[in-house]
Every structure is written in structure tokens, then in C-alpha cells.
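Written out below as C-alpha cells is the structure these notes cover.
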Amino acid sequence: MMNANGTESAPKRTGDEQTGHKQTGHEQTADQRGDDRILVLILRLAALLCFAGWTWVHYYWEGPYGILLWQDATYDFANRLGISWDEFVGTGADDGWLQTWIARITWLYLACTVLTLTVRSKSFFQMAGLVGGSGLLAVLSYAKYVASQHQAPMFIEHGGQILAPVLLVMALRFGARHRITVVTAMVALVMTFAGHGCYAIGWWPTPGSFYGMISVALDVEYETANAMLRAFGVLDFVVCVAIFIPPLRRVAAGYAVIWGFLTAVARPLAGMSWSLNYWGADQFLHEAILRAPHFLIPLYLVILWCPPRNTIDADTNQVT
């Protein structure tokens, strides 16, 4: 039809077309909500497995807090409270003030594990508990950093684990697609891979376990394992840069999913054996479980950056 000014007016939508347009909008909203639930589930699983793995470490052995607590300043503080040396350090296994309180940290990690299952968007008290759990992970990582003679990558590579509970809280409080949630996930990914890359590329002394995992898993000699580690270290830093480049970030996050999963499962694969009790699962399986954020946080980003299905359909309908 022609308007009074001579321009052609847009054809009116029929009732069916209007209904179909509204249905498409409702379908897009429903699909996005479904995707958001998947994103929150991934972050929930990352925090759950991380806390569960560290709970087993604290229960089966003990946390690495001795380096922070076995100091003269700590004893002087206990002495001022009227606690003797024998009462402070104990006279055997699992006794004494120090060992007793280190053992009780197990229950804090267990409580955080349960909170990852029960926390909801309105559970502010439980969210605060998870943020406190992130603080526990930070203290644990700091203890490992001090034990490693203050090697910065030792603390940095735990960034994904430290931030996993915070990411879950952010996804519930602000939304799984909120900018602050996405940026925090990117920071967690960069910290994990930058810390690992510093060791793999040789800027800090490469742990012997790195060589052992590659040699056992792939049945290669030291020279080959060393060359592979250097190459993987370079790729770690490529991921850290590419994650901020929009055309490359999805591919970089996809590689991070694969590499994060492989480096996690390599530890039990290299350590477990049919000749051990429980095949060694009680000693090595937790090493993969507590590293779940290393591949689940990148998986969250991959799914987040996937184009919605209805967007492709809408583009096709526009062309038609």
C-alpha cells in the first residue's frame, strides 16, 4: 500500500504472524533461562567438587597449615594464653592444641561442600558461608605458597579454585551472564593457566611431578617430556591472551576445557595402580576432583559464548 506522502507502508502482520512472533520471543526467553540454569549448574559443580576434594585431603591427611602455625610467634601467643608447649604441639598423633584445630578445619570444608548443594539466590547467609569458604581456600593456597619458598605461581595457579565459590555466589546473586560474573570467570581462568604456564615453561623450577605425569601417561623419555612441557607452557600463555580477543576467546576457552581436564585426570592416572589398595583411588583420585574448576570454569565460558539457537533461526527467518 502507498501512504499519502507517496511512500510504501509496511504490510500489516496477520494474526498468525503476530502470534508466531510472540511465541518466538517466549521461546527465546525460555531457552535463555534454560541455558542460565546450565551455567549455574556448572559453577555449582565446580565449587562442589573443589570443596569435596579438599575435604578428603583434610580428612585423610591434614591441611598444609603447619608452615604457618609452627612458628615462635604462634607459640608465644599460645603461651600468653596459658597453654604449655606439650599442650600446644601435643605428644603424639592427633593430639595437642595445634593438631586438634587443624583437624577441625575438615568440618569447615565439609560444611562448604554441603552449602554448594543447598545455596539458592535468596540464601544470603549460605552465600556468606561460601565466600568464607573461598577465604579458606585462599589461606590454604597461601600456605602452599609459603611452603614452596614463596614461588608466586604456586599461589596464582590456585586462582580458579579460590574463585569457584565466589563465582557460584555471583551467578546466583547477579546472574550467570552478568558482566562481573563473566569477568571473574575470565580472571580465574587466566590465573590457573598463567600459574601452570610459569612452571611448564621453566620460569620457575618445574615440579618433578609434571615430568612424571607426562612420562608415565605417554610413556616418553625425559627429553621428550621436557620439550612437551615447554610447548604446553607457551600454549598456556596463548590462552591467557586469546581469552580477551572476541574472535578467539571461544576457541581458547575450549582448549582450556580439554587441557584443564587432561591435567586433572593425569594425576590419578599416573599414581593409581592395580596393586594398591582400592587401586590407589583413596590417595590420588581427589587430585582430579579438587581441580574440577580448572576445566569447568572454561566450560562455563564456552557455553556462555555460544550463540543462542533462536538467534540463528531468527537470522534465517529474516533472510527468508
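The first residue of the sequence shown is numbered 1, and numbering continues consecutively from there.
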Mind running side-chain contact (heavy atoms from CB on, under 4.5 Å) on Tyr300 and Thr181 for me, showing each step along the way? CA-CA 11 Å; Tyr300 155 81; Thr181 308; 3.5 Å; yes
Does the side chain of Gln126 come under 3.5 Å of the side chain of Thr118 through a donor N or O and an acceptor N or O? yes
Under 30°, 30 to 60°, or over 60°: which ring-plane class applies to Trp259 and Tyr255, parallel, tilted or perpendicular? parallel
Let me know which of Ile289, Ile105, Leu110, Leu140 forms a side chain to side chain contact (heavy atoms under 4.5 Å, CB included) with Trp54. Leu140
Has the side chain of Trp61 got a donor or acceptor atom that lies under 3.5 Å from a matching backbone atom of Gln283? no
Please name the pair of heavy atoms, one in Thr206 and one in Ala200, separated by the smallest distance, quoted to 0.1 Å. OG1-O, 4.4 Å
Cluster link Val241 to Val257, ILVMFWY, side chain under 4.5 Å: no
List the atom of Arg249, the atom of Ile243, and the distance in Å for their closest heavy-atom pair. CB-O, 3.3 Å
Measuring from Ile214:CD1 to Asp219:CG, what's the distance to the nearest 0.5 Å? 13.0 Å
Do Leu108 and His58 have side-chain heavy atoms sitting under 4.5 Å apart? no
Nearest 0.5 angstrom please: Phe51 CZ to Gln161 CD, how far? 10.5 Å
What I'd like to find out is whether the side chain of Pro268 reaches to under 4.5 Å of the side chain of Met272, using heavy atoms alone. yes
Mutual orientation of the aromatic rings belonging to Phe210 and Tyr199 [parallel < 30°, tilted 30-60°, perpendicular > 60°]: perpendicular
For atom CH2 of Trp101, is the number of surrounding heavy atoms from other residues, nucleotides or ligands below 6.0 Å larger than 12? no
Using the six-membered ring of Trp107, assess whether NZ or CZ of Arg104 lies under 6.0 Å from its centre and within 45 degrees of the ring axis. no
Ser134: side chain to side chain contact (heavy atoms under 4.5 Å, CB included) partners, not counting sequence neighbours: Ile162, Pro165, Val166
Reported CG-to-CD1 distance for the pair Leu41 and Ile303, which is rounded to 0.5 angstrom: 9.5 Å
If you look only at pairs with a residue in residues 130-162, which of them pass as a ring-ring contact (aromatic ring centres under 6.0 Å, His included), with sequence neighbours excluded? Tyr142-Tyr145, Tyr145-His150
Less than 4.5 Å apart, any side-chain heavy atom of Thr263 and any of Phe295? no
Which atom of Ala252 lies closest to which atom of Val239, heavy atoms considered: O-CG1, 3.9 Å
Approximate separation, where rounding is to 0.5 Å, of Glu223 CD and Tyr211 OH: 10.5 Å
Chi angles and distances behind the side-chain contact (heavy atoms from CB on, under 4.5 Å) call for Asn277, Asp282: CA-CA 8 Å; Asn277 292 332; Asp282 57 331; 5.7 Å; no
More than 12 foreign heavy atoms under 6.0 Å from CZ of Phe261: is that the case here? no
Are Val139 and Ile156 linked, directly or through other ILVMFWY residues, by side chains that come within less than 4.5 angstrom of each other? no
Please give me the minimum heavy-atom distance between Glu157 and His294, naming the atom from each residue. O-NE2, 4.0 Å
In the single-linkage hydrophobic clustering (I, L, V, M, F, W, Y; side-chain heavy atoms under 4.5 Å), do Met213 and Leu218 co-cluster? yes
Let me check something: any side-chain donor-acceptor pairs from residues 184-198 under 3.5 Å, sequence neighbours excluded? List them with distances.
| residue | atom | partner | partner atom | Å |
| --- | --- | --- | --- | --- |
| Thr184 | OG1 | Ile180 | O | 2.7 |
| Thr192 | OG1 | Gly160 | N | 3.2 |
| Thr192 | OG1 | Ala188 | O | 3.1 |
| His196 | ND1 | Asp236 | OD2 | 2.8 |

Do Thr113 and Leu48 have side chains that approach each other closer than 4.5 Å (heavy atoms only, starting at C-beta)? yes
Are Leu299 and Val183 connected in the hydrophobic side-chain network, where two residues link if heavy atoms are under 4.5 Å apart? no
Can you measure from CG (Leu43) to CG (Leu163) and round to the nearest 0.5 angstrom? 11.5 Å
Assess the residue pair Tyr59 and His286 against the criterion (side-chain contact (heavy atoms from CB on, under 4.5 Å)); give the C-alpha distance rounded to whole Å, side-chain angles, the decisive distance to 0.1 Å, and a yes or no. CA-CA 12 Å; Tyr59 173 76; His286 69 278; over 6 Å; no
Hydrophobic clusters here meaning ILVMFWY residues chained together by side-chain heavy-atom distances under 4.5 Å, can you tell me if Leu172 and Val131 are in one? yes
Side chain proximity check, Pro207 to Met154, heavy atoms < 4.5 angstrom: no
For the pair Trp274 and Trp279, name the ring-plane relationship: parallel under 30°, tilted 30 to 60°, perpendicular over 60°. perpendicular
Looking only at heavy atoms, the pair that brings Ala47 and Leu168 closest together is CB-CD2, 4.3 Å
Closest heavy-atom pair and its distance - Gly271, Leu276: O-CD1, 3.8 Å
What's the spacing between Cys50 SG and Leu137 CG if we round to 0.5 Å? 5.0 Å
